[in-house]
2 protein chains.
Amino acid sequence: MALTFTEENYLKTIYMLLRQDAVVSTTALASAIGTTPASVTDMSGKLRDKQLVDYEKYQGLTLTPQGLKAALLIIRRHRLWECFLVDQLQFSWEEVHEIAEELEHVRSVKLTERLSHLLGNPRVDPHGDPIPDASGRIPRTVRENLLNVQDFKKLEVATVTDQSASLLKFLDRIGIRPGTRLDILERHDFDHSVEIRIRKRAPLTLSEQIAKHIYVRTITKAGGHP
Amino acid sequence: MALTFTEENYLKTIYMLLRQDAVVSTTALASAIGTTPASVTDMSGKLRDKQLVDYEKYQGLTLTPQGLKAALLIIRRHRLWECFLVDQLQFSWEEVHEIAEELEHVRSVKLTERLSHLLGNPRVDPHGDPIPDASGRIPRTVRENLLNVQDFKKLEVATVTDQSASLLKFLDRIGIRPGTRLDILERHDFDHSVEIRIRKRAPLTLSEQIAKHIYVRTITKAGGHP
DNA sequence: ATAAATATTTAGGTTTGTCTAAATTATAAC
DNA sequence: GTTATAATTTAGACAAACCTAAATATTTAT
Ligand SMILES: [Mn+2]
Ligand SMILES: [Mn+2]
Ligand SMILES: [Mn+2]
Ligand SMILES: [Mn+2]
């Protein structure tokens, strides 16, 4: 049964929210999609009928195996198109999310796989997010939030999880993008800000609101993207 | 006022049909879109309210200047994506129409113009159809139907106007695509078939049903695409 | 444990684009 | 010129996706 545009957006969003919590609430989903809780309740029933989500009244949503696979294939297309826009069309990383939101809905396996091949079968998108493979498998990545990571030295930016153009543009200007190496100098308890140093440059202070969107890994071998 | 997916398809189809006739009838449009005359009547009113078409009850449709420009920009995107699929992703010409039908609806001027640049600002798509420029201008091309063309010698295939995969595949196999040079050997009155020769190869007979989709130009200078 | 606050669902309605069936207008045939 | 045929429009209905307002359930606070 073919999915509609809207159903695809619901599945993708549910997947995103499930990375934070075990189940997704009606309200959280409504606010993420930009609709009302009442509409979400409506759609939840439809997605359950199509066996894409598990949903019981007042119990929130999770993805079924089918729903999960569908979500991962949408995300695969989204992230491949983001790579295409940056690598082939010289877009900057803050511009690509919006356009990829539309391109991701073009469902052609042949197109997706040839696009992947053209790009050299990339493993991560321009924001450092992993790209699921053609059957929807995604590597479980070890990355920790800049606010919580235990190690302070030899860190590398893995992912930036916010897609707003303004934040991405700001981070770009101060030199933070996937692959950037940095050390934590200090954490301040009073406002949870983080002081960091990128290579030999002057120290920078990142507010909690910014730092919470930055995920890092500790550099083990040669570094670079997974 | 942003156009919906459906409105874009209507405008594009109206443009296509207007190449044949001065006005488009409700029935012709319905059959081209794959819907009912009743639905077309409905949509015609909406498009008129948006000043995209001229439409009076029982009088058929034409495009307004605004509608024409919108149609040409959709066609620009369609044909550029077809080029991309063939040139960059090694699709064959009979596969690309269907996928381009979806990609054409992604409306981003920046995307369209960068895509065009990536492809070397092509003037024609893989089927030989001209690509409108960024402001919707399209060169008026001199091409005549294989069934009517006066000259018999030194012809070159300009365009193949059918998009069905089966016909395109067949033409590909017998060596007919935009740029192919051929001569007409004879026209048969009894069934309107056309006997042609491609370069030094054995003569071929094309039925009226096939020939009517083939447009040619007479080779003046060095040939090649316009 | 009860009350207050919050989350969720239900009910009823709107818009977009579609359909079928019936009514009307236009065109073709005699 | 009337009649038959074909094209087109109107009327009424439906599914998808959304909304607001009201009702109900759950959670939190006292
Ligand atoms: Mn994105
Ligand atoms: Mn991304
Ligand atoms: Mn096409
Ligand atoms: Mn084409």
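Sequence lines set the chain letters: A, B, ... in the order given, protein chains first and strands last, and positions in each chain run from 1.
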Using a heavy-atom cut-off of 4.0 Å across all strands, would you classify A:Phe5 as base, sugar-phosphate, or nothing? nothing
Without decimals, in angstroms, what is the distance between B:Glu7 CD and C:dG17 P? 5 Å
Can you tell which of C:dT20, D:dT9, D:dC18 lies closest to the side chain of A:Met43? D:dC18
Heavy-atom nearest nucleotide on DNA chain D for B:Gln59 versus A:Asp42: which residue maps closer to 5'? B:Gln59
Out of C:dC19, D:dA16, C:dT18, minimum distance to the side chain of B:Thr35 belongs to C:dC19
Under 4.0 Å between a side-chain N/O of B:Thr41 and OP1 or OP2 of D:dT9, yes or no? yes
Heavy-atom nearest pair, A:Phe170 first then A:Ile210, reads CE2-CD1, 3.6 Å
Below 4.0 angstrom, N of the basic side chain to O of the carboxylate: do B:Arg107 and B:Glu8 qualify? yes
Strictly below 4.0 Å: does B:Thr6 bring a side-chain N or O up to OP1 or OP2 of C:dT16? no
Any chance the rings of B:Phe5 and B:Tyr10 have centres within less than 6.0 Å? no
B:Tyr58 OH - D:dA7 P separation (whole Å): 13 Å
Atom CG of A:Leu47 and atom P of D:dC18 are separated, to the nearest Å, by 11 Å
Find the distance B:Leu29:CG to C:dG17:C1' and express it as a whole number of Å. 14 Å
Euclidean distance, atom CG of residue B:Asp49 to atom C1' of C:dT15 [Å, nearest integer]: 15 Å
Does A:Thr36 or B:Tyr55 map to a spot on DNA chain D nearer the 5' end, using the closest nucleotide for each? B:Tyr55
Charged N to carboxylate O below 4.0 Å: is that the case for A:Lys46 and A:Glu7? no
Are any of the side-chain nitrogens in A:Lys12 or A:Glu104 under 4.0 Å away from the carboxylate oxygens of its partner? yes
Output yes when at least one side-chain N/O atom of B:Lys57 is less than 4.0 Å from OP1 or OP2 of D:dT10, else no. yes
Using only side-chain N and O atoms of A:Ser39, determine if any of them is under 4.0 Å from OP1 or OP2 of D:dA17. no
Below 4.0 angstrom from OP1 or OP2 of C:dT18, is there any side-chain N or O of B:Tyr10? yes
